[in-house]
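A note on names: the letters A, B, ... follow the listed sequences, proteins ahead of strands, and every chain is numbered from 1.
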Protein chains: 4
Amino acid sequence: MIHRLHFQIDERSGVPVYRQMMDQVKYYVAGGTLRQGDQLPSIRELASALTVNPTTVVKAYTELERDGVIEMRHGKGAFVSGRAKAITREEQEVALRRSAKQLAVEATQLQVTPPRVITVVREELNAVNPSPSADETPVKFTVVPGR
Amino acid sequence: MIHRLHFQIDERSGVPVYRQMMDQVKYYVAGGTLRQGDQLPSIRELASALTVNPTTVVKAYTELERDGVIEMRHGKGAFVSGRAKAITREEQEVALRRSAKQLAVEATQLQVTPPRVITVVREELNAVNPSPSADETPVKFTVVPGR
Amino acid sequence: MIHRLHFQIDERSGVPVYRQMMDQVKYYVAGGTLRQGDQLPSIRELASALTVNPTTVVKAYTELERDGVIEMRHGKGAFVSGRAKAITREEQEVALRRSAKQLAVEATQLQVTPPRVITVVREELNAVNPSPSADETPVKFTVVPGR
Amino acid sequence: MIHRLHFQIDERSGVPVYRQMMDQVKYYVAGGTLRQGDQLPSIRELASALTVNPTTVVKAYTELERDGVIEMRHGKGAFVSGRAKAITREEQEVALRRSAKQLAVEATQLQVTPPRVITVVREELNAVNPSPSADETPVKFTVVPGR
DNA sequence: GTGGTCTAGACCACG
DNA sequence: GTGGTCTAGACCACG
């Protein structure tokens with residue numbers, strides 16, 4: 001069974017690319033799509049799929065390792081660490097709410113009506129390729145670039 | 001009548017502060033809350049309300065002037081330019097959809113259910129102080145810091 | 001009063017340059033030469049003094065910040081953190097003993113006599129420019145490249 | 001008579017393992033402990049004694065052969081080459097002084113007093129199992145892992 | 001001036 | 001194949 005990770009990089013957002021990558025790995029771990037022992041895409045694979053420089057991926061992975069989310073094994077690859085959930089349930093809620101708030105503020109400033117906002121959110125939720133239901137063996141993931 | 005501008009600055013987001021400010025002014029103009037001739041908060045007022053460095057506000061206003069959104073009048077202040085809508089209707093839609101997409105991707109990665117996402121968005125839309133219905137005379141705005 | 005930091009980079013050693021830099025900053029903090037609030041050489045200054053690439057210094061400083069040893073202030077510079085001694089007295093002893101052991105093993109393999117080893121160590125201790133006695137105000141340091 | 005080679009591998013040092021092994025063989029040859037015709041530990045023996053990957057030992061031995069220090073005899077093992085002293089007396093002095101300098105710099109940065117440094121060096125010299133006085137027949141060596 | 005991010009690409013260690 | 005380090009240099013944010 002092939003698992004797909006949807007990585008969404010928005011270059012125009014101003015958020016450093018390596019941080020966008022870090023956040024999304026953490027979200028996948030927090031959500032349970034990525035689990036202990038799973039192998040992440042290799043640096044080169046991820047870099048080419050997202051058309052970013054390999055050193056940018058190296059930076060993201062290095063920071064994720066320092067955060068205890070992943071482990072790098074020399075010559076082997078990058079794996080989800082056994083240490084911990086990347087972020088707590090509470091931080092998860094905070095992250096979601098932060099994005100929701102930004103959307104709400106923006107919509108209000110643009111004077112877009114709430115029903116219209118809800119409609120657009122629904123459409124985007126449908127458009128995102130849902131991650132497959134996880135099975136029980138550690139797997140290697142392929143990348144679905146999103147931009 | 002006193003109008004309030006809700007400025008939402010998220011320092012942790014990685015987006016440059018001056019760009020966050022620029023975007024929000026543009027959104028207010030696009031949405032019709034800010035209209036031609038309206039006076040924006042002074043640099044000092046905005047800087048102290050948002051506790052950012054005044055030079056950051058200067059940069060935002062300078063760039064907004066270059067974009068034709070506002071005009072600086074020496075000794076008077078900053079005013080919404082007569083030249084144009086800050087962003088087109090289409091750009092508006094793009095901006096909204098971009099935020100919605102980011103939310104959708106994030107929620108999917110976190111395996112938050114769509115209904116839960118919609119609930120959170122509704123809550124945040126209600127929480128945002130709705131901008132008042134515009135009247136017809138140019139006004140000066142006060143700032144409601146949001147962070 | 002001008003303070004000097006003696007940085008010793010050995011490219012032939014195989015130890016990554018950024019790690020050599022990190023260790024030496026930690027040693028200076030542990031030894032009390034660098035104290036809370038002291039400003040480190042700027043990235044560019046250190047890079048040019050040691051003729052390494054600025055990105056290498058960036059990496060060393062970034063890791064040191066993550067370790068709580070220094071703080072980067074945007075537009076201001078790098079400063080010794082108030083948080084903690086960089087390494088404990090015990091780690092200090094470990095570090096010293098590790099170097100001493102390596103020297104001892106090497107000398108034994110080379111069949112250099114212990115008195116000769118002691119003589120060479122004494123000479124090298126005298127050759128190192130001793131760090132000046134610290135005074136009481138935070139200072140900026142200049143770099144003495146050593147290689 | 002059984003001879004013992006003390007191999008000191010420090011994984012944390014950042015120096016590639018194969019290079020640490022190469023250096024120490026060279027030092028033993030330079031010091032006269034290993035002499036022409038002596039048989040080195042087999043790849044498997046050395047790998048398991050030091051718990052490193054056999055390919056790492058292969059790399060070290062291959063490079064040592066390229067440097068003319070040893071010869072691999074198919075099906076027989078690795079032997080000290082007749083060609084030359086692995087390093088000259090001068091290189092020996094350079095190697096020793098390099099280690100001594102690193103120790104001196106480190107101690108100075110840690111503000112450890114010279115007498116204390118000398119004490120620690122003496123202790124470590126005593127702690128190292130001195131290599132036995134060489135006799136005159138080629139011998140096979142066993143390994144004393146040091147870490 | 002200061003730090004921060006990123007690209008393009010080389011070279012190396014480990015398996 | 002995998003990850004790790006480093007250079008050279010561009011461009012940006014902040015003060």
Exercise. Judged by atom type as modelled, is there a donor-acceptor pair below 3.5 Å linking the side chain of E106(A) to the main-chain atoms of S99(B)?
Worked result: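 Side chain of E106(A) to backbone of S99(B), a donor-acceptor pair under 3.5 Å: no, none is there.
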Within this structure, what is the [atom1]-to-[atom2] distance between [X] and [N], rounded to whole angstrom?
X	N	atom1	atom2	answer
L50(A)	dT5(E)	CG	C1'	17 Å
F79(A)	dG3(F)	CZ	C1'	11 Å
I43(A)	dT5(F)	CD1	P	10 Å
R12(A)	dC11(F)	CZ	P	20 Å
E11(A)	dC6(E)	CD	C1'	10 Å
E45(C)	dT2(E)	CD	P	8 Å
L46(A)	dT7(E)	CG	P	12 Å
R66(A)	dG4(F)	CZ	C1'	15 Å

Sub-4.5 Å side-chain heavy-atom contact between [X] and [Y]:
X	Y	result
S42(A)	Y61(A)	no
D23(D)	Q109(C)	no
Y27(C)	T33(C)	no

For this session: Inspect the contact between E63(A) and R19(A) and indicate whether a charged nitrogen and a carboxylate oxygen are less than 4.0 angstrom apart.
Result: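 Looking at R19(A) and E63(A), the cut-off is not met.
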Exercise. Taking 4.0 angstrom as the limit, do D67(B) and K26(B) come out as a salt bridge?
Worked result: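 Answer for the salt bridge query: yes.
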Check the interface with nucleotides 13-15 of chain F: list each N/O to N/O pair with the protein under 3.5 Å, or write none.
residue	atom	partner	partner atom	Å
dA13(F)	OP1	Y18(B)	OH	2.5
dA13(F)	OP2	Y18(B)	OH	3.2
dA13(F)	OP2	K59(B)	NZ	3.4
dA13(F)	N3	H74(C)	NE2	2.9

Exercise. Going by modelled atom types, is there a donor-acceptor pair between the base of dG3(E) and the side chain of R44(C) at under 3.5 Å?
Worked result: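 Per atom types, the contact qualifies.
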Problem set entry | side-chain hydrogen bond (donor to acceptor under 3.5 Å, both in side chains) between S13(A) and Q102(B), worked out | CA-CA 10 Å; S13(A) 75; Q102(B) 182 175 320; 5.7 Å; no
For this session: Determine which bases of DNA chain F form Watson-Crick or G-U wobble pairs with both distances under 3.5 Å, and write the result as a 5' to 3' dot-bracket string with | for other-strand partners.
Result: ||||||||||||||.
For this session: Please round to the nearest 0.5 Å and tell me the distance separating atom CD1 of I70(C) and atom CE of M22(C).
Result: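 These two atoms lie 9.0 Å from each other.
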Problem set entry | For F7(A) against M21(A), the heavy-atom pair lying closest together |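 Scanning both residues completely, I find the closest heavy atoms to be CE2-O, 4.1 Å.
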